[in-house]
Amino acid sequence: MLKRTHTCGELRDDHVGETVILNGWVNSYRDHGTGLIFIDMRDRYGLTQIVFDREDADQSLLDAADTLRNEDCVAIKGTVRVRDGGPNPKLATGTVEVVVVELEVLAKTENPPFLPGEKGSLPSEDRRLRYRYMDLRRPEMQRILTIRHRTSQFARRFFDDRGFLEIETPMLTKSTPEGARDFIVPSRLQPGSFYALPQSPQLFKQILMISGFDRYIQLPRCFRDEDLRADRQPDFTQIDLEMSFVDRDAVLEIMEEFAVGLWKSELGVDIPPVQRMTYKHAMETYGSDRPDLRFGLELVDVSDLAAKTDFKVFTGAIEKDRGCVKVIRVPGGAAKFTRKITDGYTEFVKQFGAGGVPTAKVNDAGELETGIAKFIEPIKSELIERLGLEPGDSVFFGADTRGTVNRALGELRLKIAKDLEMIPEGAWAFCWVIDFPMFEWDEETKRFYALHHPFTAPTPEQTDEFMACDITDVDAVESILSSGYDLVVNGSEIGGGSIRIHRREIQKKVFDLIGMSKEEANAKFSFLLEALSYGAPPHGGIAFGLDRLVMHLSGTESIRDVIAFPKTQTGSDMMCDAPSAVDEKQLAELFIASTWEPEEG
RNA sequence: GGGGCGGUAGCUCAAUUGGUUAGAGCAUCGGACUGUCGAUCCGAAGGUUGCGGGUUCGAUUCCCGUCCGCCUCGCCA
């Protein structure tokens with residue numbers, strides 16, 4: 001076969017006169033008949049125009065060229081020359097062309113389901129997933145997967161430079177309680193027992209610290225059997241690391257350096273120092289633990305004012321346990337919100353548990369115009385002052401328990417920003433969210449859950465307080481802050497971690513507090529408790545979601561675009577048709593039988 | 001498990017209040033053409049309107065069910 005001397009993105013004016021060989025695909029052809037055919041050849045480096053010209057080619061070559069079609073895989077040999085017809089500014093190679101003297105058709109194509117070239121519009125996603133090899137020929141997909149590659153390489157180089165060791169951890173491991181649902185794998189050698197695929201290498205990396213490896217990095221595949229979303233796949237990749245003899249700030253600093261370096265090298269963007277925000281502030285001001293700081297629309301607490309009204313929606317909310325009334329002020333919103341839009345917002349917030357979202361606007365006279373004006377009248381001037389209201393503004397009220405108000409207004413805040421196109425193009429708003437509560441009380445199950453995970457240490461300041469606290473005292477337990485941290489960019493959590501518990505008695509107390517019996521703790525985590533009793537170093541770390549990182553760097557909205565072979569919302573791989581049934585024999589070897597029965601009808 | 005949107009030619013889309021033979025662009029096939037670069041021009045072929053049922057004289061259109069895809073709530077420590 002003709003082996004390439006250059007790629008299809010390489011040839012320039014200074015190659016003119018050289019004999020070259022190109023390998024690639026027919027991206028498009030322009031057949032002028034009787035001896036003049038142009039073909040754009042494509043590989044992952046670019047496009048090059050090749051030309052079959054009767055002045056330079058015999059009839060058999062022209063006849064062969066005449067049969068070429070889009071997506072045929074070909075090799076050509078020819079001479080680089082300046083284009084007769086003038087340059088094509090759209091192509092990097094646009095000033096030259098290769099006049100072909102030899103053609104080798106490496107493989108003809110059937111009529112493809114769609115063309116990866118620029119022609120036509122993007123096929124529906126299920127077509128793209130079904131014919132993924134064709135979709136991945138698209139330059140855009142190759143661009144994204146190249147960014148993914150460079151991100152991985154950047155991470156490996158960055159952490160290698162700083163003394164981190166890449167160490168692999170098992171894919172067949174132990175099922176853990178809490179957290180997400182595990183994917184389980186039956187053991188043939190031990191009938192009736194099961195491995196789980198790791199949700200993350202959390203415990204293994206802690207054990208590696210206890211083993212003295214000091215600084216660990218891995219790009220592990222992780223598995224969580226939960227429902228999919230635009231940014232969630234059942235198997236995904238982390239940039240996972242752990243460090244010994246560090247405090248929180250040491251981890252934040254090195255990770256910030258990593259993020260800054262990555263954004264600089266991949267996008268040429270300089271990120272300013274990343275601000276830190278407490279969980280409480282994030283929740284109260286942005287209604288979210290992953291605040292999007294690219295725009296304003298902060299939540300303002302007006303509970304004290306609302307209490308002075310006779311509006312039952314307000315007063316009723318305030319009387320609730322942990323009730324409050326908050327407001328979002330939308331500058332200049334009055335002219336933009338129709339009744340239809342605000343009615344839509346009422347429906348929107350209902351899915352987050354809010355009853356509705358009373359609204360008002362400020363008219364040119366500076367008066368509040370609203371269906372609830374008479375209720376607001378007593379607090380009008382205070383409201384205007386606190387919110388800094390000006391003519392033309394709109395305000396939206398949330399009144400309910402604090403959790404519901406924060407959630408509903410936090411989501412509404414995002415929706416308004418999108419609807420009003422308030423999010424600046426190309427902006428990068430990073431922040432660390434810190435000082436999470438260690439635990440959250442769940443009314444339904446009447447127990448505490450670890451907000452991060454149960455290996456997260458309390459803050460150094462509160463460690464003694466934690467060890468002393470009565471685990472039945474909900475208020476006392478909820479006041480304990482953890483050493484956890486999340487890195488958020490543009491309202492998306494891209495990484496999270498913590499300083500871990502490195503003392504056995506603290507770990508035992510956490511298990512105790514989340515309602516795990518001694519027997520269960522021993523069955524699930526005896527190895528950890530044991531390891532913690534043999535001189536475990538203080539340690540902490542973080543895991544970044546590689547997929548989400550690449551989504552941001554490549555500017556795509558779907559996690560499926562940054563994964564070569566992703567799954568659909570129902571967990572199918574549409575190309576190879578996984579998951580699928582297996583032979584009875586395979587099941588028998590594993591002592592497995594399916595209890596699933598198709599529904600009748 | 002819940003809510004929403006979608007499924008018509010290989011691909012992307014159209015088809016009036018339910019109405020005669022379901023159209024167009026690209027791709028494919030045949031033909032013309034020597035400077036194109038989304039080549040152009042002429043012609044052809046291409047359909048179980050996702051599937052099943054119902055309403056109707058008549059269904060791509062209305063109704064019910066179902067499958068698939070997407071967004072989302074729950075879920076995701």
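Residue numbering restarts at 1 for every chain, and letters A, B, ... go by the order of the sequence lines. Reckoned from all heavy atoms, side chains included, excluding hydrogens, waters and symmetry mates.
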### Task
Could you list the residues that satisfy salt bridge (charged side-chain N to carboxylate O under 4.0 Å, His left out) with A/K524, not counting sequence neighbours?
none
Considering only the [atom1] atoms, how many Å lie between [N] and [M], rounded to the nearest integer?
N	M	atom1	result
B/C67	B/C11	P	23 Å
B/A59	B/C76	C1'	43 Å
B/U55	B/G18	C1'	11 Å
B/G31	B/C68	P	45 Å

[X] side chain N/O closer than 4.0 Å to the phosphate oxygens (OP1, OP2) of [N]?
X	N	answer
A/Q49	B/U36	no
A/T568	B/G69	yes
A/R30	B/A39	yes

### Query
Under 3.5 Å, is there a donor-acceptor pair between the A/T404 and A/R402 side chains?
no
### Query
Taking only residues two or more places apart in sequence, or in another chain, which ones meet A/R12 in a side chain to side chain donor-acceptor pair (under 3.5 Å)?
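Counting only residues at least two positions away or on another chain, A/R12 forms no side chain to side chain donor-acceptor pair (under 3.5 Å).
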### Query
Donor-acceptor pair under 3.5 Å: do we get one between A/R560's side chain and the base of B/G69?
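In this structure, the two groups form no donor-acceptor pair.
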### Face-on cation placement of A/K509 at A/F466 ring, 6.0 Å and 45° thresholds
yes
### Stacking check A/H32 vs B/A39 (5.5 Å / 30 deg)
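Check passed, A/H32 stacks on base of B/A39.
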### Query
Should the ring pair A/F348 and A/F352 be called parallel, tilted or perpendicular, given that the plane angle runs from 0 to 90° and is split at 30 and 60?
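The arrangement is perpendicular - the two ring planes meet at more than 60°.
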### Message
Under 4.0 Å between a side-chain nitrogen and a carboxylate oxygen: does that hold for A/R30 and A/D40?
### Response
yes
Output one line per pair: protein atom, nucleotide atom from nucleotides 29-31 of chain B, and distance, for all N/O pairs under 3.5 Å.
residue, atom, partner, partner atom, Å
B/C29, OP2, A/R69, NE, 2.8

